[in-house]
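Just so you know, residue 1 is the first one in the sequence shown, and it goes up from there.
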Amino acid sequence: MPLSPGESPGFLLWHATLRWQRDIAAALAPLDLTHVQFVLLACTWWFNAQGEHPNQLTLARQAGTDVKMTSQVLRTLEHKGLVEREVDPADTRAKRLRVTEAGADLAPRAIAAVEQADARFFRPVSVADATALLGRLAHPEP
């Protein structure tokens with residue numbers, strides 16, 4: 001017997017995801033960032049804060065994004081003056097990533113905006129419960 005839409009976990013997840021994506025897009029719009037631009041900027045900023053200058057492949061793996069799409073979005077961030085891509089002296093095919101001064105200023109503000117949106121979205125459940133469930137769904141054990 002098929003479940004009704006309101007009883008289908010996948011259907012409910014679909015609607016929750018759409019609502020969350022709208023909330024994140026609204027939080028980032030005043031900062032002139034799309035969600036994927038935010039993720040790549042924030043991950044680059046985080047790597048740089050750890051003293052690392054990742055290449056595009058490392059960044060894509062960390063962010064969970066497609067490598068080709070990552071390159072295209074980084075080009076946009078570069079045009080916005082938020083990220084610089086420099087040829088890796090050890091491998092001229094690779095580009096090392098560094099946030100600019102403007103990117104380093106914007107990243108923490110964007111992270112704060114997203115964290116506020118997340119706090120509002122996840123308010124109906126505890127952070128521990130949300131993190132536990134989403135962690136299990138994102139990284140199921142084999």
Is there a side chain to side chain contact (heavy atoms under 4.5 Å, CB included) between E141 and R136 once you walk through the steps? CA-CA 8 Å; E141 295 181 27; R136 288 182 63 196; over 6 Å; no

Verify side chain to side chain contact (heavy atoms under 4.5 Å, CB included) between L59 and L97, making sure each step is shown before the conclusion. CA-CA 9 Å; L59 181 66; L97 304 167; 3.5 Å; yes

Passes side chain to side chain contact (heavy atoms under 4.5 Å, CB included), N55 versus D91? Steps please. CA-CA 10 Å; N55 62 31; D91 180 358; over 6 Å; no

Might you work through the side chain to side chain contact (heavy atoms under 4.5 Å, CB included) test for L28 and V114, ending with a clear yes or no? CA-CA 7 Å; L28 292 170; V114 167; 3.7 Å; yes

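Atom-to-atom distance recorded for L41:CG and L74:CG is 9.5 Å, nearest 0.5 angstrom. To the nearest 0.5 Å, atom CZ of residue F122 and atom CD of residue E115 are 12.0 Å apart. If you take CG on L13 and OG1 on T17, they are separated by 4.0 Å, rounding to the nearest 0.5 Å. Taken from NE2 in H53 to CD in E84, the straight-line distance is 9.5 Å, to the nearest 0.5 Å.
L134 and V39 fall within the same hydrophobic cluster, defined by Ile, Leu, Val, Met, Phe, Trp and Tyr side-chain heavy atoms under 4.5 Å apart, directly or through other members. A continuous path of hydrophobic side-chain contacts links I24 to M69 [ILVMFWY only; heavy atoms under 4.5 Å].
Contact of the L31 side chain with the L106 side chain is registered, since non-hydrogen atoms from C-beta on lie closer than 4.5 Å. Contact check for W45 versus P108: side-chain heavy atoms found under the 4.5 Å cut-off. At least one side-chain heavy atom of L18 sits under 4.5 Å from a side-chain heavy atom of Q21. Annotation: side chain of R85 is in contact with side chain of S71 (closest heavy-atom distance under 4.5 Å). Under the 4.5 Å side-chain criterion, counting only non-hydrogen atoms from C-beta, L77 is in contact with L33. With contacts defined as side-chain heavy-atom distances shorter than 4.5 Å, the pair I111/F38 qualifies. At least one side-chain heavy atom of Q62 sits less than 4.5 Å from a side-chain heavy atom of F47. Within the 4.5 Å cutoff, the side chain of H35 has heavy atoms near those of the W20 side chain.
With no hydrogens or angles considered, no side-chain donor-acceptor pair links R96 and Q56 at under 3.5 Å.
Heavy-atom neighbours of R109 CZ from other residues, nucleotides or ligands within 6.0 Å: above the threshold of 12. Atom CD of Q50 sits in a crowded spot, with more than 12 heavy atoms from other residues, nucleotides or ligands closer than 6.0 Å.
Checked by atom type and distance alone, the side chain of T131 pairs as donor or acceptor with a backbone atom of V127 at under 3.5 Å. For N48 (side chain) and V99 (main-chain N/O), a donor-acceptor pair under 3.5 Å exists by modelled atom type. Looking only at distances, no side-chain donor or acceptor of S8 sits under 3.5 Å from a matching main-chain atom of S4.
Taking each heavy atom of Q37 and D32 in turn, the nearest pair found is OE1-O, 3.8 Å.
Between E86 and R98, at least one side-chain nitrogen of the basic residue sits less than 4.0 Å from a carboxylate oxygen of the acidic one, meeting the salt-bridge criterion.
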